[in-house]
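Residues take their numbers from the sequence shown, with the count starting at 1. Just so you know, ligand 1 is whichever comes first in the structure, and atom 1 is the first atom listed for that ligand.
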Amino acid sequence: MHDTFPLLQNSDFPRIQRQKLEIFQLNLGYLCNLSCSHCHVNASPKRTELMAKDTIELIFEFAIQNQIKTFDLTGGAPEINPQFRYLVKRAVELGIKVIDRCNLVILEEPGFEDLAGFLAQQRVEIVASLPCYLQDNVDKQRGKGTFQHSIAALRRLNALGYGQEHSGLKLNLVFNPQGASLPPPQQSLEQSYKQHLAAQFGIVFNQLFAITNVPIQRFGSVLISHGQFESYLQLLRDNYQANNLQGLMCRNTLSIDWQGFVYDCDFNQMLNLPLGDKQTQTHLRELNFANLAQQPVHTLQHCYACTAGQGSSCGGALQ
Ligand code: SF4
Ligand code: SF4
């Protein structure tokens with residue numbers, strides 16, 4: 001795999017500072033049942049990194065002390081982590097909102113048949129990736145058969161009340177472009193998704209989040225192989241919108257890796273970029289939470305993916 005890191009240096013991205021910390025985004029490990037071409041984690045069934053229970057306990061300690069309101073669970077496939085259900089249950093007991101970034105296919109894997117029921121019982125918000133509503137595009141990006149499994153999983157979630165009006169069980173879908181382009185306008189794309197999924201499969205969901213691909217890890221490497229890395233970066237820079245800076249997720253979120261090291265965001269975690277202006281990685285144990293607000297965010301050229309066009313964050317477009 002090509003290394004994108006040297007190509008992201010000498011950033012002229014504006015300096016940004018953290019605001020009040022509200023969300024822990026926990027990366028429970030890089031093991032995944034899929035190995036998608038757009039993956040910024042380089043996750044796959046061959047990865048072995050998984051967050052252990054003692055790290056989870058440490059996270060709870062700091063979450064309680066710092067009144068963290070939301071856990072945003074990601075991976076890999078976060079549900080594969082053997083501690084996933086313990087983590088969710090304990091967080092819910094503590095009144096922490098839990099978001100599960102789910103690839104849908106995991107809900108149909110052998111041994112995970114009761115996972116959807118568990119998520120519904122715990123009232124976990126699901127943010128599910130479905131990079132297109134057309135089978136060919138999804139199978140091309142995520143692997144053969146993934147579209148049909150995703151549709152089966154969405155039907156399963158709908159049957160449990162997810163995405164249904166008044167159920168309170170939120171089901172949001174994530175779109176990301178197939179290649180080196182910006183996402184189309186989120187609102188009109190959401191309408192197309194809703195119409196198509198309802199008409200073809202009787203599927204409903206709450207919101208669509210359109211997310212821009214970040215040129216790092218597997219996606220960045222594919223761009224280099226196709227000679228598109230520089231032009232994609234230029235596309236991101238040409239579409240820079242300063243008014244997206246205010247809503248950047250790195251301003252209120254702390255990304256924590258499977259070993260308990262902290263980063264400004266999940267993308268920076270994948271680039272091993274130390275938090276803020278630090279020179280080396282910081283562990284949760286060493287973090288001074290009181291000083292975190294107003295600290296600088298560690299930015300490089302990949303940050304232009306978050307500010308291009310309508311903007312991009314874990315919650316979709318910023319505008
Ligand atoms: S994009 Fe998501 S589902 Fe696909 S390999 Fe990466 S972590 Fe797994
Ligand atoms: S890539 Fe990370 S650090 Fe850079 S702007 Fe986006 S969220 Fe912030």
Side-chain angles (χ1 to χ4, degrees), residues 4 8 11 13-19 23 25 27-47 49 72-81 100-109 127-131 138-143 146 149-150 153 174-178 211-220 222 233 236-237 240-242 244-255 258 262-277 295-308 311-315 318:
T4 57
L8 298 169
S11 179
F13 193 82
R15 281 178 68 79
I16 46 175
Q17 289 175 319
R18 289 190 154 271
Q19 295 169 337
I23 303 170
Q25 185 168 64
N27 193 311
L28 300 191
Y30 308 146
L31 178 64
C32 189
N33 52 323
L34 303 179
S35 47
C36 308
S37 61
H38 66 285
C39 188
H40 74 267
V41 179
N42 200 23
S44 81
K46 291 185 182 153
R47 300 296 294 258
E49 302 89 340
D72 184 337
L73 308 183
T74 188
E79 309 89 346
I80 290 182
N81 186 308
D100 177 31
R101 295 197 176 264
C102 176
N103 68 34
L104 290 174
V105 179
I106 189 71
L107 300 175
E108 299 299 306
E109 296 283 6
V127 177
S129 43
L130 187 70
V138 174
D139 284 359
K140 201 168 142 208
Q141 195 173 108
R142 320 203 85 184
T146 52
H149 288 310
S150 301
V174 173
F175 162 89
N176 59 278
Q178 299 290 311
I211 294 185
T212 304
N213 288 323
V214 178
I216 61 172
Q217 293 286 10
R218 197 177 293 139
F219 179 67
V222 169
L233 211 51
L236 300 178
R237 293 169 60 95
Y240 172 73
Q241 296 285 335
N244 287 324
L245 292 174
Q246 184 56 28
L248 291 174
M249 60 191 173
C250 47
R251 306 191 81 168
N252 71 346
T253 302
L254 188 70
S255 164
W258 65 283
V262 294
Y263 307 84
D264 285 308
C265 72
D266 201 54
F267 304 120
N268 286 10
Q269 181 184 142
M270 300 314 145
L271 289 166
N272 277 319
L273 285 187
L275 187 77
D277 54 5
Q295 289 296 308
V297 172
H298 199 150
T299 57
L300 290 179
Q301 303 265 359
H302 66 297
C303 294
Y304 282 105
C306 298
T307 51
S312 182
S313 74
C314 283
L318 297 171

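Side chains of Asp264 and Gln269: no donor on one and acceptor on the other come within 3.5 Å.
Atom 4 (Fe) of ligand 2 has Cys303 SG, 2.3 Å as its closest protein atom, hydrogens excluded (heavy atom only).
Separating the OG atom in Ser129 from the CZ atom in Phe175 is a distance of 12.5 Å, to the nearest 0.5 Å. Note that the CD1 atom of Ile106 and the NE2 atom of His149 stand 11.5 Å from one another [nearest 0.5 Å].
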**Request:** Please test Asn213 against His40 for side-chain hydrogen bond (donor to acceptor under 3.5 Å, both in side chains), starting from the C-alpha separation and ending with a verdict.
**Result:** CA-CA 8 Å; Asn213 288 323; His40 74 267; over 6 Å; no
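With a 4.0 Å heavy-atom cut-off, ligand 2 is reached by no atom of Val214. Contacts between Asn268 and ligand 2, counted as non-hydrogen atom pairs separated by less than 4.0 Å, involve the side chain only. In Arg142, the part holding a heavy atom less than 4.0 Å from any atom of ligand 1 is the side chain. Counting heavy atoms under 4.0 Å from ligand 1, residue Asn103 touches it through the side chain alone. Contacts of Ser35 with ligand 1, taken as heavy-atom pairs under 4.0 Å, involve the backbone alone. With a 4.0 Å heavy-atom cut-off, ligand 1 is reached by the backbone of Ala43 and by its side chain too.
Close approach of ligand 2 to Val297 is summarised as follows: ligand atoms under 4.0 Å from at least one heavy atom of the residue are 3 (S). For ligand 2 and His302, the ligand atoms under 4.0 Å from any heavy atom of the residue are 1 (S). The ligand atoms of ligand 2 that sit less than 4.0 angstrom from a heavy atom of Phe267 are 1 (S). Ligand 2 places these atoms under 4.0 Å from at least one heavy atom of Met249: 7 (S). Counting the atoms of ligand 2 from 1 in the order shown, those under 4.0 Å from a heavy atom of Cys306 are 1 (S), 5 (S), 6 (Fe), 7 (S). Heavy-atom contacts of Cys265 reach the following atoms of ligand 2: 1 (S), 2 (Fe), 3 (S), 7 (S) (cutoff under 4.0 Å).
At a 4.0 Å cut-off, not a single heavy atom of Val41 sits close enough to ligand 1 to count as contact.
Residues Thr4 and Gln217 are not in side-chain contact: their nearest non-hydrogen atoms beyond the backbone lie 4.5 Å or more apart. Under the 4.5 Å side-chain criterion, counting only non-hydrogen atoms from C-beta, Arg18 is not in contact with Asn252.
The side chain to side chain donor-acceptor pair (under 3.5 Å) test with Asp266 is passed by exactly one of Thr74, Thr253, Asn27: Asn27.
Judged by distance alone, the side chain of Arg251 and the main-chain N or O of Gln17 form a donor-acceptor pair under 3.5 Å.
Remark: among candidates Gly143, Gly76, Cys102, the nearest residue to atom 7 (S) of ligand 1 is Gly76, based on non-hydrogen atoms. When Pro78, Cys39, Ala77 are checked for heavy-atom proximity to atom 6 (Fe) of ligand 1, Cys39 turns out nearest.
Residue contact annotation: Cys250 places an N/O/S atom under 2.8 Å from atom 8 (Fe) of ligand 2. Put simply, Cys36 gets within reach of atom 4 (Fe) of ligand 1, with an N, O or S atom under 2.8 Å from it.
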